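Step one of this worksheet: look at the structure below.
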Amino acid sequence: MLLQDKVAVITGAASARGLGFATAKMFASQGAKVVIIDLDAGASKAAASQLGSDHLGLAANVANEQQVNAAIEQVLAKYGRIDVLVNNAGITQPIKLMDIKRDNYDAVLDVSLRGTLLMSQAVIPTMRRQRAGSIICISSVSAQRGGGIFGGPHYSAAKAGVLGLMKAMARELGPDNVRVNAITPGLIQTDITAGKLSDEMRQSILAGIPLNRLGDASDIAGAALFLASPLSAYSTGITLDVNGGMLI
Ligand code: NAD
């Protein structure tokens, strides 16, 4: 078991078809105690209980410092340590450049970028004390190609910001043996993408994916397991592309 008795906190992991919950299932199957943090307490608890009795579901808005700190205090009260953080919570808005208003910008950057910063700040003192930890940031292929299929330009900017923050954190935390890495998913079938693809769109997207299929949430979970576990012990500051070859 790659994560036996490790404590892993995953944000935005209550959505049954989402990347976060798939990662939670993968980590639990490898022996981790998983903490699901999402907006709704009932949904987080229900998701955690689906994994078994050792796991915890908590409510927090990752962009709210007080809620984030209160959630991490509860994690430490229950388990006493935090080995892995997956910054997965994110929202997307399929709008064009000139339609971006302050509220759009604030909402998207708050969840992806401020959320990643606040959650990381909340766990770093513990990881430093342990002299061990792995932080995984979920960015997007949209950050790399300046746009995806659904996210607007502010989403690309937020996810590119996540990559910059990830590298800066990796540099600063390396001496403490805290590793920080990112995953850039391509187009994965989840609630974010469900029902939004016409047959025509699907065909034109597939034409640009050498592996000729959309991604599955388990594809991201596998990459997250690698980055969370000792298999990646000498990797920090890296970006793992999981996109079926979209950027070749
Ligand atoms: P999803 O909508 O299924 O899940 C996102 C989860 O985040 C939801 O459970 C939601 O409640 C939660 N959330 C939203 N705002 C939050 C907040 N402020 N605080 C706490 N939780 C919050 O989406 P998904 O497809 O599983 O996406 C997961 C991550 O992967 C996101 O960061 C997304 O941008 C990224 N991503 C997804 C794809 C894709 O194709 N699905 C591609 C690239 C990147």
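Counting begins at 1 with the first residue of the sequence. As a basis for the values below, the full set of heavy atoms in this structure was taken, side chains included, without hydrogen atoms, waters or symmetry mates. In this text, all values refer to a predicted model and were calculated from it rather than measured experimentally. For ligands, and for the atoms within them, numbers begin at 1 and follow the listed sequence.
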So, Lys78 and Asp54, do they make that salt bridge, N to O below 4.0 Å? no
Is the closest heavy-atom distance from Ser142 to ligand 1 below 4.0 Å? no
Closer than 4.0 angstrom: is that true for some heavy atom of Thr11 and an atom of ligand 1? no
Look at atom 20 (C) of ligand 1 and find which of Ala60, Gly18, Ala14, Gly12 reaches it with the closest heavy atom. Ala60
Tell me whether Ala43 reaches ligand 1 (any heavy atom closer than 4.0 angstrom to a ligand atom). no
Below 4.0 angstrom from a heavy atom of Asn61, which ligand 1 atoms are there? Numbered from 1 as shown, please. 17 (C), 18 (N), 19 (N)
Strictly below 4.0 Å, N to O, side chains only: are Arg81 and Asp83 in salt-bridge contact? yes
Using a 3.5 Å cut-off on N or O atoms only, is Leu19 in polar contact with ligand 1? yes
Going by the order shown, which atoms of ligand 1 are within less than 4.0 Å of some heavy atom of Ser15? 3 (O), 9 (O)
Are any side-chain N or O atoms of Thr184 and backbone N or O atoms of Ser140, one a donor and one an acceptor, separated by less than 3.5 Å? no
Identify which of Asn87, Leu187, Leu39 has a heavy atom lying nearest to atom 17 (C) of ligand 1. Leu39
For residues Ile138 and Asn87, determine if any side-chain heavy atom of one lies less than 4.5 Å from a side-chain heavy atom of the other. no
State whether the shortest distance between N or O atoms of Ser112 and N or O atoms of ligand 1 falls below 3.5 angstrom. no
Between CG on residue Asp110 and CG on residue Leu118, distance to nearest 0.5 Å: 8.5 Å
Are any of the N/O atoms in Ile188 less than 3.5 Å from those in ligand 1? yes
Region of Lys159 engaging ligand 1 - heavy atom pairs below 4.0 Å: side chain
Should we say atom CD of Glu65 is surrounded by more than 12 heavy atoms from elsewhere, each under 6.0 Å from it? no
Quick check: does Val62 get an N/O under 3.5 Å from an N/O on ligand 1? yes
Indicate yes or no for a side-chain donor-acceptor contact from Asn88 to the backbone of Thr11 under 3.5 Å, with no hydrogens or angles considered. yes
Can you tell me if Arg17 contacts ligand 1 (heavy atom of the residue under 4.0 Å from the ligand)? no
Are any of the heavy atoms in Thr92 under 4.0 Å away from ligand 1? no
Name the option, out of Thr190, Leu118, Thr23, that contains the heavy atom nearest to atom 41 (N) of ligand 1. Thr190
Side-chain donor-acceptor pairs under 3.5 Å in residues 222-233, sequence neighbours left out?
from   : atom 1 : to     : atom 2 : distance (Å)
Ser229 : OG     : Leu225 : O      : 3.2
Ser229 : OG     : Phe226 : O      : 3.3
Ser229 : OG     : Leu231 : N      : 3.2
Ser232 : OG     : Arg179 : NH1    : 2.9
Ser232 : OG     : Arg179 : NH2    : 3.2
Ser232 : OG     : Phe226 : O      : 2.7
Ser232 : OG     : Leu227 : O      : 3.2
Ser232 : OG     : Ser229 : O      : 3.2

Main-chain N/O of Gly147 paired to Ser156 side chain as donor or acceptor, under 3.5 Å: yes
Decide whether the shortest distance between a heavy atom of Ser139 and an atom of ligand 1 is less than 4.0 Å. yes
Does Tyr155 have a heavy atom less than 4.0 Å from any atom of ligand 1? yes
Does any N or O of ligand 1 fall below 3.5 Å from an N or O anywhere on Ser140, backbone included? no
Heavy-atom side-chain proximity of Leu109 to Arg114 below 4.5 angstrom: no
Side chains of Arg145 and Met246, heavy atoms from C-beta outward: is any pair under 4.5 Å? yes
